[in-house]
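Take a look at the structure below.
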Amino acid sequence: MNDLTPLPRLGLVARPAPVRNLSRRGVLGIAAGALLLGVDLPKEAAAQTRTEGAAAIAPKPGTRVGAFLEIRPDGGVRLLSPFVEGGQGINTGLAQTIGEELDLDPARFSVECAPPGPDYAVVNGLRMTGGSFSTRSSFEAMRRLGATAREMLLRAAAARLAVPQNSLTTQDGKVIHAATGRSLGYGELAQAALALPPRDDVPLKDPKDFRWIGKPVARLDMRDKATGRATYAIDIRQEGMLHAAVQHAPHLGTEPQAIANEVEVKAMPGVHSIHRLPGAVAVVADSWWRARKGAEALQVTWTEPASEGIATVSKNFSSATMLAALKGTGEPGVPAEQEGDPEAAFHDAAKVIEAEYDAPYLAHAQLEPPSAVARFMSDGSLDLWLPNQMPELFQQIAAKTAGLAPEQVRIHSPMLGGFFGRHFYYGPANPFPQAILLAKATGKPVRVLWSREEEFGMDAVRPLSFARFKAALGPDGMPVALKTTAVGEGPIGRWFGALFKSPVDSSVVEGLDKKPYAIPNRRLDYVKVPHPVTIAFWRSVGHSMNDYFYESFLDEIAAAGGRDPFELRTKLVKDSPRHATLLRTVADLAGGWRRGPFTAEDGTRRARGVSMASPFGSETATIAEVSLRDGEARVHDLWIAIDPGSVVNPAIVKRQVESAAALGLSSTLLEQVVYENGQRQAKNFDAYPILDRERMPRVHVAIVASGAPMGGIGEPGLPGVPPAVVNAVAALTGQRVRSLPLAKTHLSGV
């Protein structure tokens, strides 16, 4: 029988000292006859003018970052990636970036996620895959890696062929001496190149000569996914492995007291053992199905939750009581942004309008169920296979759970079945501590796999959110002041509070601050109200609800001032060419702006809504076209213009925008996690509907590469969708929906 005091919330510490010394130039090492190259990330490449989401907690950039490239004697090329591939295409993007400077076709790369180690902390001194930060945080470092490796191979070839280095060229994995027609493969030169010191002044390619960067290169993982060879955490098998299924406490924070039928369940076919875990009980068996049937059969008595309140998940806790607490807080806010003199502007305003907006808890609802495999070795060390977005962080927590030093824990990071913010550490929302405890108790490798019902019950959720707006309008109907109050708690403050020193949680206010609109007097306040439930990052984090709040209220400002919402936005960004270009681009993409209502060619009555968003270093403008059917909104088209600054792979950009738009629409129309009596009501997709094929609109994407600093891609396509749709609904029906999802509201035409 196992027991473990629940892990305290992890307090992150400063980045540990490197495990090896790398000079500013980098270091070479030999492993199985391979060329290994580690390079530094220059300060100017690491600097980012704007960080958000999980990336915002990173230390100041400029620390050494390592990446490792192997060129094997047989000509095979392998990249140990600092990032985890989860469908976003980072492996392909890295291969394009390095291959461009190395002069090697990206199709010849194999890419694996690197093990934990300080060399891979490429995100402002942290290692993580998230915040739409992977490519933009590593782009210059990966280019430098490829260029440095190529130069070393050229020097090695010059020595081998006894010719001047400047007489040599490269072409897709070969060094060529055109004068004599001789050539050497990179694999033939790897060991000789290893003996050479790397240069730190190797020039990079002129972008006009790019062969692969900026092109729609085919994804490296496409074939394995299409043929079923891709390996996810749930596919991992170890010799002698047992399987575990779990029954969690019905109320978060309660513990198992007694099991009435433990003997009977222990006698079920294939059952190995029964265990008590923090907040759960588990059955270990020779197959997962047998383990699940045993776990479901257990008759468990649990400790009692608190009777009321929101300090914990009490018996009477509900989404409604939490929203009431957010709305009813009387605490003063902490200023998050201020410009001009809002109070004076309100005093002199021709008109003042106010509104309140809220958005619900959301599940990640991913198709890949949570799982982990733990295996203790004969020397006491631990191998752990688990989906994750921060290998070093999970290594630290796993070590604490197992009672080991971090270096005794080997983290294996398989491909993820999607990100969505699900694979950070969220305490009881993660199954890997259970796998560690069960492997230690049984002395066998153990795979923990949560059923769909357990996943829906334990998933860390996007926070339920609330914001209050007040705007002052001048005689011309233009906004002259805006006051915003954001109330709640975000994942940055919850999980990275030890590093996040500001009193303002950026994950609560992002999407409300740093807007491009020229409103001269502004104030944004943050009021912290903690949630008792486990909260999480969710695709586009605070932007996922805050851009809906802000951009919807901006349409209310337009209506109050008698202005068209597209025309209002055009005036407010007239001095920002980047944003003005995006508005023109999205209007052109949609065949011109028209708000409506209007009659479409198929006879349906439709309207359009517009929005803008500035998430994760990129800029977007979105138009949605909507009709009504049986009291529900039907979205026919989404037009999205995105400016990510510069682009590595436009095909990946387009697909990421399309997938983000689908998730944004799903949350707009359908999704919500509802708590009643301290428990989540939805336990599977039957009670938690997500976007289906019938509701999926056409998505049109225009990429505007402005040359601005590179922004993110994975999340920016989402935030503009909810407000564009809701603004279209308002134009069509006259109903201003201030609480999502739209499924809660019966819509009717006017």
Side-chain angles (χ1 to χ4, degrees), residues 2-13 54 57 128 130 233 244 246-256 276-282 302-303 305-306 310-314 317 361-364 366 369-372 374 384 386-403 406 409 411 420-438 448 450 454-464 488-500 505 507 530-538 541 673 675 678-680:
N2 289 336
D3 194 9
L4 177 73
T5 302
L7 289 172
R9 198 169 294 158
L10 183 71
L12 293 181
V13 296
I57 52 82
M128 56 167 285
V246 180
Q247 180 188 146
H248 289 98
H251 288 83
L252 185 68
T254 60
E255 300 293 336
R276 289 172 174 82
L277 298 167
V281 292
W302 305 91
T303 58
I310 65 167
T312 62
V313 181
S314 60
F317 176 78
Y361 291 118
L362 291 183
H364 293 96
Q366 62 182 41
S371 66
L384 190 61
L386 77 160
N388 74 89
Q389 294 178 238
M390 294 185 74
E392 286 75 12
L393 176 60
F394 281 78
Q395 183 186 44
Q396 291 180 42
I397 300 166
K400 289 184 178 182
T401 305
V409 178
I411 298 291
F420 322 119
R422 178 64 181 91
H423 298 300
F424 286 106
Y425 174 67
Y426 301 124
N430 296 91
F432 74 92
Q434 297 172 344
I436 294 170
L437 295 176
L438 294 172
V448 173
W450 286 0
E454 297 302 325
E455 157 70 346
F456 267 94
M458 295 302 294
D459 184 18
V461 292
R462 188 193 75 171
L464 186 154
E489 182 189 19
I492 287 286
R494 171 72 71 93
W495 300 109
F496 295 94
L499 288 178
F500 185 71
D505 186 336
S507 57
H531 292 265
V533 302
T534 310
I535 61 173
F537 296 99
W538 197 87
V541 200
V673 169
Y675 282 87
Q679 298 185 38
R680 297 183 191 177

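Basis for what follows: all heavy atoms, side chains included, without hydrogens, waters or symmetry-related copies.
Interatomic distance, F432 CZ to Y425 OH, rounded to the nearest 0.5 Å: 6.0 Å. In this structure, the separation between CD on E454 and CD on Q247 is 7.0 Å, given to the nearest 0.5 Å. Atom CD1 of I397 is separated from atom CG of N430 by 7.5 Å, given to the nearest 0.5 angstrom. In this structure, CG on L277 lies 5.0 Å from CG on L438, to the nearest 0.5 angstrom.
Taking 4.5 Å as the limit, every side-chain heavy atom of E455 sits out of range of all side-chain heavy atoms of P369. In this structure, the side chains of F317 and V533 come closer than 4.5 Å at one or more pairs of heavy atoms. Between M458 and L252 there is a side-chain heavy-atom pair separated by less than 4.5 Å. Side-chain contact between P431 and V246 is absent, with no heavy-atom pair separated by less than 4.5 Å. Using a 4.5 Å heavy-atom cutoff, the side chains of F424 and W495 are not in contact. A heavy-atom distance below 4.5 Å is found between the side chains of P256 and W302. Counting heavy atoms from C-beta outward, R680 and V461 have side chains that approach closer than 4.5 Å. Considering only heavy atoms from C-beta on, Q396 stays 4.5 Å or farther from M390 through its side chain.
For the 3.5 Å distance criterion, the side chains of H531 and E489 fail to qualify, holding no donor opposite an acceptor.
The nearest pair of heavy atoms linking R422 to Q389 is N-OE1, 3.8 Å. Here the closest heavy-atom approach between residue S507 and residue I492 is recorded as OG-N, 3.2 Å. Smallest separation of non-hydrogen atoms from A363 and W538: O-NE1, 2.9 Å. In this structure, P463 and G490 approach most closely via the heavy-atom pair CG-CA, 4.4 Å. Nearest heavy-atom pair, D459 versus H364, reported as atom, atom and distance to 0.1 Å: OD2-N, 2.7 Å. Contact between A460 and A429 at its shortest, heavy atoms only, is N-CB, 3.6 Å.
A donor-acceptor pair under 3.5 Å is formed between the side chain of Q395 and the backbone N or O of V409. Checked by atom type and distance alone, the side chain of E255 never pairs as donor or acceptor with a backbone atom of T303 at under 3.5 Å. The backbone N or O of A249 sits nowhere less than 3.5 Å from a side-chain atom of T254 that would complete a donor-acceptor pair.
By the 30° and 60° cut-offs, the orientation of the rings of F537 relative to Y426 is tilted.
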